[in-house]
Amino acid sequence: RSSDLHVGHLRSTIIGDSICRLFEFVGHDVLRLNHVGDWGTQFGMLIAHLQDKFPDYRTVSPPISDLQSLYKESKKRFDQEEEFKKRAYQCVVQLQSKNPDIIKAWNLICDVSRQEFQKIYDCLEIKLIERGESFYQDRMDAVVKEFEDKGSVQIGRAH
């Protein structure tokens with residue numbers, strides 16, 4: 001995630017944790033997975049903005065502890081600057097193609113985000129395993145192939 005842990009995130013996290021605690025209390029083994037969005041356009045915006053604001057991010061760790069401000073700045077540029085928007089989308093493509101420089105920027109952003117969320121999770125005594133969208137990237141080809149092999153894929157136009 002690239003934004004604050006807002007009430008929507010917090011609500012679903014608390015509901016999920018409460019259900020986990022109930023199942024564990026009655027003896028079930030619970031896998032506490034927290035699905036996070038870590039792979040889309042908002043990360044392209046942040047990475048493109050990070051590249052502009054801190055061009056030496058690959059060698060000098062940038063002061064990005066205030067991700068919310070960085071996000072607001074990048075969102076404003078995304079909405080107002082067509083060239084920036086194109087670069088942000090290209091950063092998403094490069095991220096999903098595992099470009100090392102883009103992965104470095106992405107890791108910096110994700111690490112700061114994780115640290116901030118963990119402070120809240122610790123206060124609430126919430127224990128979970130993070131699974132971002134990125135976790136599934138390498139697994140998608142096999143899933144698509146499996147569906148194709150079963151004849152479950154039909155290529156057509158969107159309605």
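Given the structure is predicted, the values throughout are model-derived calculations rather than measurements. The residues of the chain are indexed from 1 along the displayed sequence.
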What distance do N34 atom CG and R131 atom CZ have between them, rounded to the nearest 0.5 Å? 11.0 Å

For the atom pair CE (M45) and SG (C91), what is the distance rounded to the nearest 0.5 Å? 11.5 Å

Step by step, would you call K76 with E81 a side chain to side chain contact (heavy atoms under 4.5 Å, CB included)? CA-CA 8 Å; K76 183 177 181 181; E81 302 172 27; over 6 Å; no

Give a yes or no answer on whether the side chain of S113 reaches the backbone of I109 with a donor-acceptor pair at less than 3.5 Å. no

Side-chain heavy-atom pair [X], [Y] within 4.5 angstrom cut-off:
X    : Y    : result
R87  : D52  : yes
I126 : T13  : yes
L10  : I120 : yes
H49  : L70  : yes
R77  : K85  : no
W39  : W106 : yes

Any luck finding a side-chain donor-acceptor pair between D111 and Q115 under 3.5 Å? no

Think R114 forms a cation-pi with F117, using NZ or CZ under 6.0 Å from the six-ring centre and within 45 degrees of its axis? no

Whether R139 engages the ring of F135 as a cation-pi pair (distance to the six-membered ring centre under 6.0 angstrom, angle to the ring normal within 45°) should be assessed.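 Yes, R139 lies over the aromatic ring of F135.
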
Are any of the side-chain nitrogens in [X] or [Y] under 4.0 Å away from the carboxylate oxygens of its partner?
X    : Y    : result
R21  : E24  : no
D66  : K72  : no
D17  : K127 : no
E73  : K53  : yes
K145 : E148 : no
K150 : E146 : yes

Tell me, please, which residues at least two apart from K75 pass side chain to side chain donor-acceptor pair (under 3.5 Å).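 Residues passing side chain to side chain donor-acceptor pair (under 3.5 Å) with K75: D79.
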
Taking all non-hydrogen atoms of both residues, which atom of [X] and which atom of [Y] are closest, and how far apart?
X    : Y    : result
F84  : A48  : CE1-CB, 3.6 Å
D38  : L95  : O-CD2, 4.5 Å
F43  : C110 : CE2-SG, 3.9 Å
D101 : N99  : N-OD1, 2.9 Å

[X], [Y]: one ILVMFWY side-chain cluster at the under-4.5 Å cut-off?
X   : Y    : result
V30 : L33  : no
L31 : V26  : no
Y71 : I102 : yes
F54 : V112 : yes
V93 : I47  : no

Whether H28 and F23 hold their rings parallel, tilted or perpendicular, with breakpoints at 30° and 60°: perpendicular

What about the rings of F78 and Y89, do their centers lie closer together than 6.0 Å? yes

